[in-house]
Amino acid sequence: MPPKKRARVAKRSAKTDKGAAEGETSSSGGRRRKAAAAAETGGKEESSESPASPQHCRWLMKSEPESRFENGLDLKFGIEDLKAAPDQTSCWDGVRNYQARNFMRQMKEGQVAFFYHSNCKEPGIAGIMEIVKEAYVDHTQFDKKDVHYDATSKPDNPKWSMVDVQYQRMTKRYLPLSELKNYHLQHRAKGGPLKDMALFTRARLSVQPLTTEEFDFVLSLEDKEPL
DNA sequence: GCCAACGTTGGC
DNA sequence: GCCAACGTTGGC
C-alpha cells in the first residue's frame, strides 16, 4: 500500500474535496497484472459466494490511533482526531487495497461505520461515524510527498478513491477486539451473529462490510458488561 | 519486535 | 495462467 503503509489510515480534514467526479471502475486497458485487475473489478472476489453482491449498508473502518512515522510523516489518526477535525469531518484517504477501495465505492451517504483502532495497545471499536460524501478521487495518490503516493496511478485514470466521514459519537464503552473475538469464537461454535464477521475472517481488510445483524449485535455490547 | 496470514508482483 | 517470492497488515 502506501509506500509501505497500512491500507487504512485517514487523515486531515476533508471538505477539501473538489475532486468531484471519479467514477467507476476504470479498468483500463488491459495490461494490469491479473490479480490487480481482478480485484479491481470489485464484485467478484469480494463476494466469492454470492454472484450479486449483497449490498452492504454498515461498515467498519480501521485507522491507527497511535503515532507511527513513515517517511517522517505521522500516520496517527484516531477517533479523537476525527472528532477534532473541522466539522468533525475528514476524508478517509490512504486506502491502497483494491477490496477495501471497492467497498468504499459502495458506500452511500448516510450509512454508518464503526471507527476501529488498529495496530495499537488495545485494538477495538471506539465509536461511530457517518459517510457524508460518497467515493471520489483520493488526491494523495498523486502527491509525491504523501506517504500514500502511488507512482503508478495517473490523473487521467486514478486508481484510488476515498469517502468523507463525520464523527457521530463514541461508543458508550470501548469495545476491544479481544471481546469481539470471544463472541466470534462462541458464535462460530454454536451459532450467532458474529460467526462470519469480516474482522476475523478477513482480518487484513481495512474497510469491511457488516450485516445489520453483526452491526446491531456489536452495538448492543456497549450496554453490557465487558465480558 | 516477531511473525502468520494473505495480497501483489512478475517470471515463465 | 500458475505460482514462488516478496511485501504488508496488524495482533500479540
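Atom set for the values below is all heavy atoms of this structure, side chains included, hydrogens, waters and symmetry mates excluded. Proteins come first, then strands; the chains are lettered A, B, ... in the order of their sequence lines, and each starts at number 1. Keep in mind that what you see is a predicted model, and the values were worked out from it rather than measured.
- In this structure, A/R202 atom CZ and B/dA5 atom P are separated by 17 Å, rounded to whole Å.
- Atom CG in A/L199 sits roughly 8 Å away from atom P in C/dG11 (whole-Å rounding).
- The six-membered or imidazole ring of A/Y98 lies near that of A/W160, with a centre-to-centre distance under 6.0 Å.
- Look at CZ on A/R101: it is 15 Å from P on B/dG7, rounded to the nearest Å.
- The nearest whole Å value for the distance from the CG atom in A/N119 to the P atom in B/dA4 is 17 Å.
- Both tests do not hold together for A/K144 against A/F142: distance to the six-membered ring centre under 6.0 Å, angle to the ring axis within 45°.
- The CD atom of A/E64 sits 8 Å away from the P atom of C/dG10 (whole-angstrom rounding).
- For A/Y98, the listed nucleotide lying nearest its side chain is B/dT8; candidates were B/dC6, B/dT8, C/dG10.
- Rounded to whole Å, atom C1' of C/dG11 lies 7 Å from atom NZ of A/K181.
- For the OP1/OP2 pair of B/dT8 and a distance below 4.0 Å, the side-chain nitrogens and oxygens of A/K159 include no atom meeting the criterion.
- At the heavy-atom level, A/K121 lies nowhere under 4.0 Å from the strands shown.
- One can place CG of A/N102 at 10 Å from P of B/dT8, the figure rounded to the nearest angstrom.
- Nearest to the side-chain atoms of A/N97 among the listed nucleotides C/dG7, B/dT8, C/dG11 stands B/dT8.
- B/dG1 atom P lies 13 Å from atom CZ of A/R68, rounded to whole Å.
- Between the side chains of A/D164 and A/W92, no donor N or O sits under 3.5 Å from an acceptor N or O.
- Under the 30°/60° scheme for interplanar angles, the aromatic rings of A/F215 and A/F114 are found to lie parallel.
- Contact annotation for A/F200: no contact, since no heavy-atom pair falls under 4.0 Å across all strands.
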